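To keep things clear, I will list the structure first and then write my remarks on it.
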Amino acid sequence: MNEENKLEIRKPESFITAKQSIKLYRQRWRRLKFHVASLDRLTGGGLHSRGIVEIAGDAGSGKTQLALHLALVAQVQPIDDMPRRGVVYIITEHPFPSRRITQMEKAFKKNARILSAPEKFNFTDNIFVEHLHSPTALEQCLSDRLPVLLENNPIELLIIDSVAAVYGDEQNYVDRAQSFRRVVHALHLLQERFDFAVVCTNQVRSVVDEMTLDEERVVPALGLAWASLVHTRIQLSRVIGNHERTCRLLFSPTAPPGQCEFVITEAGISDATEPL
Ligand code: ATP
Ligand code: MG
């Protein structure tokens, strides 16, 4: 055995026990809670603060509403002895809905059950918005501007709304798949360094096959190349005729597939059974 191999074997202190890892990585594997009972139950306590979470759904299904809700609740997450952390919101399709978030913030501040922030805290001051529309712009933002922002502003959550819109004009599927991998790799590296959750919204596309004769079936867009990079997939749909939405958990590393209902009201997102 040469000297180099001996050194490799003498490195047991780099391993820790499973029990030690629970304590050591408690912050790293913490959950971003929705503070909506049905959604927290469905996801087994909220979204993971590592890897990529996807929220898919058709137009008007509530993806942006849920993302805005997360941008508010992310700022009241209890983190041991850590200062309140902000949110980065990358918007790619529509203008950022400033009026709507202000409306939701107003109602959110009144909701004493979840609010542990000082009374005068302005949640919208802590949401850093970036509008961009192409894969190149997204990659540049993640490699150049975002690390600079994160150096000075600790964040709890980064949202890309929507990832599908960025790739809408990209016809070359090989280039597109390579860009997905670069984007997700950059996000993983930044998560490792700055410790935050990532939520991407995605559109859906119709599937036409023998199973869809009676019922329209939709699946998240961007194909397998994107799906294989996502660790939690959530799909929203509208309940025709009222303000209820169905939220399906399609896969997650820690919770079984399932579904629940929630509602979107003027105040924001809440449980279907106990609206705000
Ligand atoms: P897209 O794919 O077009 O971006 P989306 O899934 O992001 O769609 P949202 O913008 O999240 O859709 O949801 C829009 C829906 O949210 C509206 O159709 C409406 O039902 C609901 N909504 C938005 N604002 C309010 C409000 N102030 N009060 C009540 N419901 C609202
Ligand atoms: Mg939207």
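All ligand and atom numbering here is 1-based and tracks the order in the structure. Just so you know, these numbers come straight off a predicted model, no measurement behind them. The analysis underlying the following values was restricted to heavy atoms, covering all of them including side chains, and did not include hydrogens, waters or symmetry mates.
Under a 4.0 Å heavy-atom criterion, Gly62 is in contact with ligand 1.
Of all the atoms in ligand 1, the ones that sit under 4.0 Å from a non-hydrogen atom of His94 are 3 (O), 4 (O). When each atom of ligand 1 is checked for a heavy atom of Asp58 under 4.0 Å away, the hits are 6 (O). Atoms of ligand 1 found under 4.0 Å from any heavy atom of Thr265 (numbered from 1 in listed order, with element): 28 (N), 29 (C).
With respect to the salt-bridge test (charged N to carboxylate O, under 4.0 angstrom), the residues Lys110 and Glu105 do not qualify. The existence of a salt bridge linking Arg193 and Glu151 is confirmed by a sub-4.0 Å separation between a basic side-chain nitrogen and an acidic carboxylate oxygen. A salt bridge does not link Asp40 to Arg31: none of the charged nitrogens lies less than 4.0 Å from a carboxylate oxygen. Salt bridge present: Arg145 and Glu130 bring a charged side-chain N and a carboxylate O closer than 4.0 Å.
Distances from atom 9 (P) of ligand 1 to the heavy atoms of Gln65, Arg99, Arg100 put Gln65 nearest.
Taking the six-membered ring for Trp and the full ring otherwise, the centers of Phe34 and Phe262 sit at least 6.0 Å from each other. Two rings, from Tyr89 and Phe128, have their centers 6.0 Å or more apart.
Protein heavy atom in closest approach to atom 22 (N) of ligand 1: Ile264 CG2, 3.9 Å. Among all non-hydrogen protein atoms, the one lying nearest atom 18 (O) of ligand 1 is Arg245 NH2, 4.0 Å. Looking at atom 8 (O) of ligand 1, its nearest protein heavy atom turns out to be Gly60 N, 2.9 Å. The nearest protein atom to atom 7 (O) of ligand 1, hydrogens excluded, is given as Thr64 OG1, 2.8 Å; this is a heavy-atom distance. With respect to atom 1 (P) of ligand 1, the closest heavy atom belonging to the protein is Lys63 NZ, 3.7 Å.
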Full working for side-chain hydrogen bond (donor to acceptor under 3.5 Å, both in side chains) between Ser179 and Glu139: CA-CA 8 Å; Ser179 178; Glu139 288 187 39; 2.6 Å; yes
For Arg50 and Asp195: C-alpha separation, side-chain torsions, deciding distance, then whether salt bridge (Lys or Arg N to Asp or Glu O under 4.0 Å) applies. CA-CA 8 Å; Arg50 277 294 187 286; Asp195 198 21; 2.9 Å; yes
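Distances between N or O atoms of Gln103 and those of ligand 1 include at least one value under 3.5 Å.
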